[in-house]
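Presented below is the structure to which this report refers.
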Amino acid sequence: MDQKFEKLGMKPADILLPRDCDMTKWAVVACDQFTSQPEYWAEADRIVGDAPSTLRLILPESKLNDADVEDHISAINAAMNQYMAENIFKTYPDSIIYIERLQSDGSIRHGLVAAVDLEQYDYTPGSGSLIRATEGTVLERIPPRVRVRKDAPIELPHVMVLIDDPKGLCIEPITAAADSMEKVYDFDLMLGGGHLKGWKLTDSQISALADGLTQLASDEAMQEKYGMSGAAPLLFAVGDGNHSLATAKTCYENLKKVTPESEWASLPARYALVEIVNLHDSALKFEAIHRVVFHVDAEKFLDAFKKYYPNAYEGKGEGHTIEMVWAGHDIFMTVPDPKVQLAVGTLQNFLDVYLKENGGEVDYIHGDEVTKELGSKDGNMGFLLPAMGKDQLFKTVMADGVLPRKTFSMGHAEDKRYYVEGRKIK
């Protein structure tokens, strides 16, 4: 079976789950959520109390820049070692977990928890690796996260990677068989997170999954879906948690420097646990992220935009159309024959140049009405962008390298992944 996965960039893992624990207290939301709401994390702490919990094994990013962050990290590593010494974990060897997540809107997201091979992941824009970032990685965000992971004996994933499987070859057959599988958990998530169920895949299901993924990575699939025969296949696109996966990659690369090459394949740190979700899962919603620019002269901005895109014209038409709002105005500008795949790329490429030359600040906004309200204030401009179609994600990453930053959002904070499963990385 392992031979099937060698070329797929993922494999089953020795997955850790807590035994005899209150699972609602065990699972907490991804550390990069509610960063401006310390009261959320305070309430999570109150709920957990002294019970075993992933809250003691992760560092909320709201605390990443605390003066005593090193003490936080030491406490996390100590808690991991304590939980292992107390035999809190049960190991499910060579396993993949199928999960169903009831979200805040009542829909159910389906996923698989497995390990991806960091040798086949590259966050460099334009990479031809099997596993790629979807947005640009901010390198400055990696070192603080490396300090959290480098001495940790176990990992807990909040990374979500996507597969482009419109025919439902991989996860959907498992969904249909869930009632006959071994259930490993079934519980409510704290603080509005919905409900989570998990089942262990059988050996035959794991083998069939490998066959399905092999089809998705084939040249025939690349040609059929993206019109790109002969291109380096893209099998997994990172949807959430790219900086966490980039941190795991950095820690692994650092370990390689002090480890004989003959031992790299056996390093636990070579792999990272993730949740795999089908891009076409009906519960997965892509929402556009708009822009508002502050301290800007609208007339000067429009003149510069038309010079940057000489063929641009006011109104809707063929090409990339962007709604622009400022005090007393609400117009559409169309750029015909765009050079990139998405309208957000057409706008962002200009914004980067304009703001560098003229100053001003940009913020990334969710929601049409909020964008229009802010954009209509004196000295501001709002830019409303069309939502990216799911079928554009993989094609854009393959054609343009990565998406422009803040292109889309995948669901609300409460619906982000909760920490449940773990895996030894030492």
Return yes if a side-chain donor-acceptor contact under 3.5 Å exists between [X] and [Y], otherwise no.
X: D415; Y: S104; value: yes
X: D352; Y: Q348; value: yes
X: T35; Y: S62; value: no
X: T91; Y: D14; value: no
X: T396; Y: Q392; value: no
X: D186; Y: H195; value: yes
X: H158; Y: Y419; value: yes

Checklist entry - Does the pair S229 and D219 meet the rule for a side chain to side chain donor-acceptor pair (under 3.5 Å), with working shown? => result CA-CA 6 Å; S229 179; D219 188 66; 2.9 Å; yes
Next on the checklist: For K406, I'd like to know if atom NZ has over 12 heavy atoms of other residues, nucleotides or ligands within 6.0 Å.
Outcome noted: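 At most 12 heavy atoms, drawn from other residues, nucleotides or ligands, come within 6.0 Å of this atom.
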Item to check | Flag if over 12 foreign heavy atoms under 6.0 Å of NZ, K167 | outcome: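 Result for NZ/K167: open.
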Taking [X] for the side chain and [Y] for the main chain, is one N or O donor matched with an acceptor at less than 3.5 Å?
X: K426; Y: K150; value: yes
X: E155; Y: L273; value: yes
X: Y418; Y: M190; value: yes
X: S207; Y: D203; value: no
X: N242; Y: V238; value: no
X: R417; Y: M160; value: no
X: T54; Y: W26; value: yes
X: K90; Y: N87; value: no
X: D281; Y: H110; value: yes
X: K390; Y: L284; value: yes

Next on the checklist: For a salt bridge (Lys or Arg N to Asp or Glu O under 4.0 Å) check, start with the C-alpha distance between D330 and K372, then their side-chain angles and the critical distance, and finish with the verdict.
Outcome noted: CA-CA 9 Å; D330 187 340; K372 289 188 175 185; 3.6 Å; yes
Item to check | CA sep, side-chain torsions, deciding dist, call: E421, Y185, side chain to side chain donor-acceptor pair (under 3.5 Å) | outcome: CA-CA 11 Å; E421 300 85 359; Y185 52 70; 2.4 Å; yes
Checklist entry - Can a cation-pi geometry be assigned to K200 and Y98, taking NZ or CZ under 6.0 Å from the six-membered ring centre and within 45° of the ring axis? => result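 Negative - K200 is either too far from the ring of Y98 or too far off its axis.
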Next on the checklist: Could you tell me if K316 sits above the aromatic ring of F332, with its cationic atom closer than 6.0 Å to the ring centre and no more than 45 degrees from the axis?
Outcome noted: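 Here K316 passes the 6.0 Å and 45° test against F332.
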One thing to verify: whether [Y] and [X] come together as a salt bridge, which I'm taking to mean a side-chain N less than 4.0 angstrom from a carboxylate O.
X: D363; Y: R291; answer: no
X: E100; Y: R109; answer: no
X: R147; Y: E70; answer: yes
X: R56; Y: D45; answer: yes

Next on the checklist: Walk me through whether F286 and M410 qualify under side-chain contact (heavy atoms from CB on, under 4.5 Å).
Outcome noted: CA-CA 5 Å; F286 282 10; M410 288 199 318; 3.7 Å; yes
Is any side-chain heavy atom of [Y] closer than 4.5 Å to one of [X]?
X: V362; Y: Y364; answer: yes
X: Y92; Y: E182; answer: yes
X: N278; Y: L162; answer: no
X: I154; Y: L16; answer: yes
X: L59; Y: C31; answer: no

Item to check | Candidate pair H280 and D164, rule side chain to side chain donor-acceptor pair (under 3.5 Å), full reasoning | outcome: CA-CA 7 Å; H280 302 278; D164 186 1; 2.6 Å; yes
Next on the checklist: Out of the candidates P338, P336, P386, only one should pair with H320 under the side chain to side chain contact (heavy atoms under 4.5 Å, CB included) rule; please name it.
Outcome noted: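 Filter result, single survivor: P338.
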Checklist entry - When F301 is tested against each of Y308, F350, F294 for ring-ring contact (aromatic ring centres under 6.0 Å, His included), which residue passes? => result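 Option passing the ring-ring contact (aromatic ring centres under 6.0 Å, His included) with F301: F350.
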Checklist entry - Checking side chain to side chain donor-acceptor pair (under 3.5 Å) for the pair S107/Q103: CA distance, chi angles, key distance, verdict? => result CA-CA 6 Å; S107 63; Q103 298 185 154; 3.2 Å; yes
